[in-house]
Amino acid sequence: MTYALAWKSDSEVFLAADTALTSPPDPLNFHVVESSFGQAHVLNEQEDARVEERVVKLFLRKNIGITFAGSYGLAIRVATSFYERIDQGDIPREALNWALFANPFPQGRTLQMVVAYHDGTPRLIAFNANHDSQISENEEIVQIGNPLPIHRQLTETWIRDVLSKIPDKPEWALSALLGIFQSYNLFSPQMERGIGGAFCGLLIDGNGGRWQPDILFIEYGGATEKHVSTCFRHDCLVINSPTIGRSRCMCSFLPPQTQAFMYEQAQKAVAKGKRLNRNEEYEYIVFLGVESVTVTLIEMRRNTKHALVWLKHFKGEGGEGTQLHIFPALREIISRTETGLTVIQFVESKIKNIPENRIVRRVIRYDQ
């Protein structure tokens, strides 16, 4: 079904969404068996539907963002009409009214949508958020799709907590909350409900809209340590996953775009995403404590050496990947017993070298 969210601070408005798509099985068998985080994709034979990590449910045009839940095809049509009206000079509320009127809902199709923008004040407009086919404004937090009730409650608490603890640092706040949303599927898998894959996001402030920072997620403490990075390039989400040994690209495009154009943009985005991985130049690392149920956000500022963690790319006969060293102080933070979020700013490392036997390497073959 989807899990998409929107929320506001005093100065910014944020959108986030998962990347799972529920659709009929592809006649061309264009399936992959698991998500970038290693979640098994689901085939429901009774409903003749498949759930897999496949689409970005975010659009950002003219410094106005959209996220949605429900029929993907209908959402594309409504979003396209919305931005066309924006180009003609409509304000967002008028454009959304027109787009909904101009695109009748086929029988059996549903849609929930949230529009985010900034006109000197952060704004949210929600359609059908409460399954009442109404448009509402001045919302502080909007959750659409099919999240579990416990996740709805946790999200409201987390958003308010993060915004109060990390004021005036919107990229930090967005990265921390994406880590928290990502952790839901780690501790309570939701792919069968149509929720999963990588969570991604955007923010809009007085300077305009921008995609999320470049983030490396590390699931730490389980039987298998997982590394997955997410970034946006050329309006495309690029996910690099040593966990499954491949990169994925999902484009946030609306009609009219030619296949040739989309392919070219995707190729450029993937190349830049792989370069990011090889350089290990992330803005943030998010550690998800598998056994401790913790989330730890570390500001990296595109450095490979932090006082608590080092990253280095390596290449050898078995492939290439990430060389990682976590210092004892950080291991202790990630493995603490109390559930919660820890935010750590960048601190320059003063250590020159690390013994070879203390380095952990994760291999990814960049052949797909």
Side-chain angles (χ1 to χ4, degrees), residues 2 4 15-23 25-39 41 50-68 72-73 75-77 79-80 83 178 182 196-203 209-217 227-283 313 319-322 364-368:
T2 289
L15 296 178
D18 72 333
T19 48
L21 176 69
T22 302
S23 62
D26 196 306
L28 299 178
N29 294 317
F30 181 61
H31 307 144
V32 287
V33 298
E34 59 186 347
S35 76
S36 300
F37 283 83
Q39 304 157 341
H41 289 162
R50 183 175 181 86
V51 184
E52 58 187 345
E53 179 184 67
R54 196 159 176 177
V55 296
V56 176
K57 302 166 192 172
L58 298 166
F59 300 109
L60 180 60
R61 306 287 184 277
K62 305 285 184 178
N63 295 316
I64 301 173
I66 287 177
T67 191
F68 60 88
Y72 181 75
I76 293 292
R77 293 194 295 275
T80 300
Y83 286 115
L178 288 176
Q182 196 67 55
F199 273 82
C200 55
L202 63 86
L203 69 93
R210 55 194 181 275
W211 295 110
Q212 65 169 69
D214 300 339
I215 304 171
L216 172 63
F217 295 92
H227 297 186
V228 181
S229 69
T230 60
C231 68
F232 273 89
R233 298 292 187 273
H234 299 282
D235 290 329
C236 298
L237 171 66
V238 180
I239 310 172
N240 284 302
S241 175
T243 298
I244 61 171
R246 69 174 63 195
S247 300
R248 287 188 180 147
C249 181
M250 305 168 202
C251 299
S252 174
F253 293 142
L254 291 167
Q257 299 290 356
T258 65
Q259 279 198 327
F261 172 82
M262 291 190 290
Y263 180 78
E264 180 184 5
Q265 297 301 101
Q267 290 291 98
K268 290 179 181 178
V270 168
K272 291 182 178 179
K274 289 182 178 180
R275 189 179 310 135
L276 170 70
N277 246 34
R278 290 187 172 116
N279 293 337
E280 307 287 358
E281 294 176 343
Y282 304 104
E283 294 172 85
H313 190 77
E320 57 183 309
T322 299
I364 177 173
R365 295 188 63 86
Y366 288 107
D367 54 2
Q368 300 190 58

Does a side-chain heavy-atom distance below 4.5 Å link Lys272 with His234? yes

Do Leu237 and Trp211 come within less than 4.5 Å of each other through their side chains, counting heavy atoms only? no

Could you check whether any side-chain heavy atom of Leu60 comes within less than 4.5 Å of a side-chain heavy atom of Ser252, counting everything from C-beta outward? no

Going by heavy atoms in the side chains, are Tyr72 and Thr22 under 4.5 Å from each other? no

Rounded to the nearest 0.5 Å, how far does CD of Glu280 lie from OG of Ser229? 8.5 Å

Side chains of Leu202 and Phe232, heavy atoms from C-beta outward: is any pair under 4.5 Å? no

Under 3.5 Å, side chain of Asp18 to main-chain N/O of Gly196, donor-acceptor pair present? yes

Answer yes or no: is there a donor N or O on one side and an acceptor on the other, between the side chain of Lys57 and the main chain of Leu21, under 3.5 Å? no

Give a yes or no on whether the backbone of Glu53 and the side-chain of His41 come within a donor-acceptor separation of less than 3.5 Å. yes

Do Arg233 and Leu276 make a side-chain contact, defined as non-hydrogen atoms from C-beta onward lying under 4.5 Å apart? yes

Please report the shortest heavy-atom distance between Val238 and Ala269, naming the atom on each side. CG2-O, 3.4 Å

Side chains of Cys251 and Gln265 in contact at under 4.5 Å (non-hydrogen atoms): no

Mark yes or no for whether Asn240, through its side chain, and Gly273, through its backbone, hold a donor-acceptor pair below 3.5 Å. yes

Can you check whether Ile64 reaches Tyr83 side chain to side chain, under 4.5 Å on heavy atoms? yes

Mind running side chain to side chain contact (heavy atoms under 4.5 Å, CB included) on Asp235 and Arg61 for me, showing each step along the way? CA-CA 10 Å; Asp235 290 329; Arg61 306 287 184 277; 4.3 Å; yes

Residues Ala20 and Val55: closest non-hydrogen pair is O-CG2, 4.4 Å

Say you draw a straight line from CD1 of Ile215 to OH of Tyr282; how long is it, rounded to the nearest 0.5 Å? 11.5 Å

Rounded to the nearest 0.5 Å, what's the gap from CZ on Arg54 to OG1 on Thr19? Could you check? 12.5 Å

How far does OG1 of Thr230 sit from CE of Met250, to the nearest 0.5 angstrom? 10.5 Å

Closest non-hydrogen contact found for Ile239 with Ala198 is CD1-CB, 3.7 Å

Could you check whether any side-chain N or O of Gln39 sits under 3.5 Å from a backbone N or O of Gly197, counting only pairs where one atom can act as donor and the other as acceptor? yes

Report the distance from atom SG of Cys249 to atom OH of Tyr263, rounding to the nearest 0.5 Å. 11.0 Å

Any idea which heavy atoms bring Thr67 and Ala17 closest together, and the distance? OG1-CB, 3.6 Å

For Gln182 against Phe199, the heavy-atom pair lying closest together: OE1-N, 2.8 Å

Here the gap from Glu283 atom CD to Gln212 atom CD, rounded to the nearest 0.5 Å, amounts to 9.0 Å

